[in-house]
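Written below as structure tokens is the structure these notes are about.
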Amino acid sequence: MTASLDIEEIRRALQTRDVLAFYQWPTKRSGRDLESRACPQRPDHSRRALVITPANGRWYCHACGFGGDLFTFIGQVENIDFPETLARAAEIAGVVESSMSDEERAAKHAQWRHEREEQERRDAEEIRLRNQQAVPRATAYWESLERTNARGAEYLGERHLSTLDSVRFDPRHGGAPALALYSSRGEIRNVVARRVPELGEPKTPGLYACPSAGTLIDAVTDIRPGRDVIVTEGVIDTITARIAWPDAVILRAHGWANLPLIATVAAPVIANARTKLTLVPHQDQRGFQGALEAAEIAIGAGLSARRGSLTIVKHGAKDLNEAWSAGWRPE
Ligand SMILES: [Zn+2]
């Protein structure tokens with residue numbers, strides 16, 4: 001009897017951790033979110049494509065390109081319709097048939113909806129503020145970096161690379177080559193360094209509490225007719241790409257999860273500018289999987305491998321820098 005199950009009451013009682021525990025869902029913590037290789041559509045993504053925010057139950061699969069709330073999560077995991085989903089959610093949340101009068105129920109609904117809207121507004125405001133505060137901080141940090149550094153330049157030389165205008169050096173990480181991370185509006189919102197190898201992990205630290213979503217070295221706002229776009233992985237590969245394709249716009253995802261995001265933002269701009277997208281993944285299964293996911297999004301935006309506006313580069317080496325060092329050059 002779903003009619004007497006109160007949807008607002010269930011929504012309020014339903015906790016992310018109870019839903020995940022019910023399905024014994026494998027997750028890993030990532031800041032305030034949880035990540036998983038399993039999403040409601042596919043149990044076996046090659047990467048942790050699913051991100052869930054426990055505080056509000058919102059989830060998104062970056063590989064599949066969709067998400068929702070805990071109701072849609074349950075519905076998709078079990079492949080059941082909404083009344084069945086509601087019954088299952090009630091079971092998970094421990095909610096039984098409601099004995100409230102219609103008036104009580106209406107009053108409660110209005111109050112809960114108000115509270116939920118307030119919470120969503122506060123969450124959005126917090127993210128907006130955090131991203132806004134990151135811009136002056138990251139810009140000042142970028143301005144403080146060195147234009148030249150003996151160890152940094154030597155390290156680039158070890159990777160068969162040279163010093164470039166778009167690369168600076170971070171003395172706090174042993175002279176590490178560093179790149180600016182741009183928002184889709186072209187603002188600097190983070191700085192990512194490739195630490196010199198003798199310092200060990202972490203290899204590519206960013207700034208604390210600055211967003212990792214964005215593009216390294218160039219910005220989506222740099223895309224214009226006549227400039228091809230290269231999307232790479234890794235700081236060193238990005239610097240390599242800048243040297244290998246000197247006239248192209250180079251966009252690098254900071255972290256694999258941002259690759260489909262970049263494709264989502266950049267592909268329509270590329271299609272509109274009638275230019276070309278070249279994906280340069282690491283030449284392993286994970287790299288190609290990420291490139292295929294990004295390619296699907298690009299095709300959805302109107303790019304086409306057949307018409308030559310979409311290419312995935314296969315150079316045969318482990319990564320672009322290794323290929324470059326061995327003498328590989330783009331066609
Ligand atoms: Zn998925």
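Order of appearance sets the numbers: ligands from 1, and atoms from 1 within every ligand.
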- [ ] Could you tell me which non-hydrogen atom of G234 sits nearest to which non-hydrogen atom of R252, and how far apart they are?
- [x] N-NE, 3.0 Å
TODO: Provide the protein N, O or S atoms situated under 2.8 Å from the Zn ion (ligand 1); waters are not included.
DONE: C39 SG, H45 NE2, C61 SG, C64 SG
Review item, side-chain donor-acceptor pairs of residues 263-277, under 3.5 Å, at least two apart:
from, atom 1, to, atom 2, distance (Å)
T264, OG1, P260, O, 2.7
T275, OG1, R227, O, 2.7
T275, OG1, D228, N, 3.4
T275, OG1, D228, OD1, 3.2

Open item on the list: Tell me which pairs pass side chain to side chain donor-acceptor pair (under 3.5 Å) where either residue lies in residues 322-331, with sequence neighbours left out.
Closed with: H160-S325
Open item on the list: Using the side-chain contact (heavy atoms from CB on, under 4.5 Å) definition, which of the options I236, I243, T238 pairs with T240?
Closed with: I236
TODO: Please determine, by modelled atom types, if S144 and R172 share a side-chain donor-acceptor pair under 3.5 angstrom.
DONE: yes
Task: Pairs meeting criterion ring pair (Phe, Tyr, Trp, His ring centres under 6.0 Å) with involvement of residues 101-127, two or more places apart - done: none
